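Working notes, beginning with the structure itself.
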Amino acid sequence: MTTRYQAPRGTQDVLPDMQPYWAAVLEGIREVTRLHGFRRIDTPAFEYAGVFEKGSGDTTDIIEKEMYVFEDRGGEKLALTPEATPAVCRAYLEHGMASWPQPVRLYTTHAMFRYDRPQKGRYRQHHQFDCEVLGSADPLVDAEVIAVLWRLYERLGIRNVTVRLGSLDDWEPRRAYIERLKDYYRPHLEKLSEDSQRRFARNPLRLLDSKDERDQPFKEGAPKLVEQLSPAAQAHHEAVTGALAAAGIAYVIDPLLVRGLDYYNRTVFEIVPNDDERAQGTLGGGGRYDGLMELLGGPPTPGMGFGSGIERLILEMQKNGVVFEDGAMAAVYIVHRAEGAGARVFALAAELRDRGIATLIGESGKSLKAQMRGANHSGARFAVIIGEDELAAGQAVVKDLVGGGEQESVGLDRVASVVKERLDG
RNA sequence: GCGGGCGUAGCGUAGUGGUUAACGCGUCUGAUUGUGGCUCAGAAGAUCGUGGGUUCGAAUCCCACCGCUCGCCCCA
């Protein structure tokens, strides 16, 4: 492998063998979103960088160190989409969706770009299935959004996943909580890991999420936001959990759940495989973001959504033993071995295809045996053989490649209808 | 961004200083004249990730870079 033929770091080709997984995921997404009344939206591969800087929060890692930013020739500062939510919200504002019947339910599958160190399940270009419900603060919407993902995983054969649920309360009560949290940690600051000391200053909520040995003793006694929610957020939270339970969705309250984006309030959730301790195990996650529209300069508009990594879904499907049979590449394979038969063969192929029959043509000049091998590899049901004798007699041999390999001679002009009949019968 | 492991034909592997780098799968060709799958035979296919260095001699030892991978940071 020379460096000349190498996809850029953290990117990958999706080869034909993998396509059935993608097709299954995309088909599952189509069905599940239909059941929940979501409509598709596609946003551009890049946006003005400000959409994400304002929307996602410019102190988050995604924006601060992972975003692909560039200037175009006109000097505009652009960014390859690192996450979908701010882009969808931008589209909501731009197209006046506030005047559509509320709430607006949108979904997309979008390429995401993050300049990160690649690992299995973590790529610089990956794809996300993304759902957003804009214009409703109803806790049932939160539960519904979670249910979309749950149903999708179920449909894709991904078992043994758990919904981790938390609440970040609303902005003011959360700020008060963060002060209480810092008060708790302040006396122990010296004993914390370097990472956590940085978190203390920069993103205190993350203190609870630390995996460092040194930080573990303090997590237990720390105040938990989800245990002291404001009355409004508490009521909201209970409505969400009640709805999930009623729908049979297995969730656990995770008081340590923090999400990496600034705009969340109240409900946050992640879905992770039960057996996976991997750092990149999270299949999908999201939450409520009632303040995001305002950050983008729009009117107050509540929102709730998630992103779920398609590459990770496929990895998880494979882990769950989901496999796809190789499909046949064609139904008919034309084997021809006659001087000057090319045009006639090509016309026959066109006729077959006109009738909706997938057809491959053997390579001119190759031996009959080699072409028959090709027919076999193609998975075709029938070989249509045209040799010198057949061409002279205006005939073709139709050979059934499944089973014993019976063959019959048919007039060239009748081949298409005979094959059609046998395929349908 | 930080730390560890790995990198040999398309794929999976063997080979750990000494002759033309081996095997399996796959690919191609053939097994008496025009017929696939099974079997058999043969062939093609590797500048041993790239570039330097050590050595009489490097796939094998050292360094750098590239890529993958595991953990962290973070996230999907």
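Sequence lines set the chain letters: A, B, ... in the order given, protein chains first and strands last, and positions in each chain run from 1. Quick caveat, the model's predicted, so the values are computed rather than measured.
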- prompt: Say you pick atom C1' in C48(B) and the same atom in A22(B); how far apart are they, in whole Å?
  reply: 12 Å
- prompt: Given the P atoms of A41(B) and C6(B), what is the spacing between them in whole Å?
  reply: 38 Å
query: How far, in whole Å, is G37(B) from C28(B) if one measures between their P atoms?
result: 11 Å
message: Just the rounded figure in Å: distance from P of C72(B) to CZ of Arg117(A).
response: 13 Å
query: Considering Watson-Crick and G-U wobble pairs with both distances under 3.5 Å, what does C68(B) pair with?
result: G5(B)
message: From CD of Gln6(A) over to C1' of G67(B), roughly how many Å is that when rounded to an integer?
response: 5 Å
- prompt: CZ/Arg40(A) to CD1/Ile29(A) distance, rounded to the nearest 0.5 angstrom?
  reply: 8.0 Å
message: Using the P atom as the point on both nucleotides, what is the distance between G51(B) and G15(B), in whole Å?
response: 25 Å
message: Could you identify the nucleotide paired to A43(B), looking across every strand shown and requiring Watson-Crick or G-U wobble geometry with both distances under 3.5 Å?
response: U27(B)
query: So, Glu388(A) side chain and Glu339(A) main chain: donor-acceptor pair closer than 3.5 Å or not?
result: yes
- prompt: Atom CG of Asp212(A) and atom P of C2(B): how far apart are they, to the nearest Å?
  reply: 19 Å
- request: Assign Gly286(A) to base, sugar-phosphate, or nothing according to its heavy-atom contacts below 4.0 angstrom with the strands shown.
  value: nothing
- line: Closest of C73(B), C70(B), A76(B) to the Lys65(A) side chain is C73(B)
message: Is the distance between the ring centroids of Phe218(A) and Tyr184(A) under 6.0 Å?
response: no
query: How many Å lie between CG on Asp13(A) and C1' on G10(B), as a whole number?
result: 14 Å
field: Pairing partner of C61(B) (Watson-Crick or G-U wobble, both distances under 3.5 Å)
entry: G53(B)
task: Quick one: which residue pairs count as a ring-ring contact (aromatic ring centres under 6.0 Å, His included) with a foot in residues 347-385 of chain A, not counting sequence neighbours?
output: none
message: Using atom C1' in both nucleotides, what's the gap between C68(B) and G26(B) to the nearest angstrom?
response: 23 Å
query: What is the distance from NZ of Lys120(A) to P of G67(B), rounded to the nearest Å?
result: 18 Å
task: May I ask you to verify if any side-chain N or O of Arg122(A) is less than 4.0 angstrom from the OP1 or OP2 atom of A76(B)?
output: no
- prompt: Do we see a donor-acceptor contact under 3.5 Å between the side chains of Tyr289(A) and Glu132(A)?
  reply: yes
task: Assert yes or no for the condition that the ring centre distance of Tyr115(A) to Tyr68(A) is strictly below 6.0 Å.
output: yes
- prompt: How many Å lie between CE on Met112(A) and C1' on C74(B), as a whole number?
  reply: 17 Å
task: Classify every nucleotide of nucleotides 27-36 of chain B by which part a protein heavy atom approaches to under 4.0 Å, writing B for the base, S for the sugar-phosphate alone and - for neither, in 5'-to-3' order.
output: S-SSB--BBB
- request: Hunt down the Watson-Crick or G-U wobble partner of G17(B), both distances under 3.5 Å, from any strand shown, or write none.
  value: none
- prompt: Hey, is the side chain of Lys211(A) poking within less than 4.0 Å of OP1 or OP2 on C73(B), counting only N and O atoms?
  reply: yes
- prompt: Just checking Tyr123(A): base, sugar-phosphate only, or nothing, at a heavy-atom cut-off of under 4.0 Å?
  reply: base
Span that lies between the P atom of A76(B) and that of G4(B), in whole angstrom: 28 Å
OP1 or OP2 of C74(B) under 4.0 Å from side-chain N/O of Arg202(A): no
message: Tell me which pairs pass side-chain hydrogen bond (donor to acceptor under 3.5 Å, both in side chains) where either residue lies in residues 17-35 of chain A, with sequence neighbours left out.
response: Glu27(A)-Arg30(A), Glu31(A)-Arg34(A)
message: Between C23(B) and A58(B), how far apart are the two C1' atoms, rounded to whole Å?
response: 23 Å
- prompt: Would you say Arg9(A) reaches C68(B)'s phosphate, i.e. side-chain N/O to OP1/OP2 under 4.0 Å?
  reply: yes
- request: With the side chain counted from C-beta on, respond yes when His237(A) and Leu165(A) share a heavy-atom pair under 4.5 Å apart, and no when they do not.
  value: yes
message: If you assign Glu311(A) and Ser210(A) each to the RNA chain B nucleotide with the nearest heavy atom, which residue ends up on the more 5' nucleotide?
response: Ser210(A)
query: Centroid-to-centroid, Phe38(A) to Tyr107(A), below 6.0 Å?
result: no
message: When you measure from the side-chain N and O atoms of Arg199(A) to the phosphate of C73(B), is any distance below 4.0 Å, counting only OP1 and OP2?
response: yes
- request: Starting at atom CD of Gln197(A), determine the distance to atom P of C73(B), rounded to an integer number of angstrom.
  value: 15 Å
- request: Quickly work out the Asn203(A) CG to C74(B) P distance and round it to whole Å.
  value: 8 Å
- request: Using the P atoms only, state how far G18(B) lies from U60(B), rounded to an integer number of Å.
  value: 12 Å
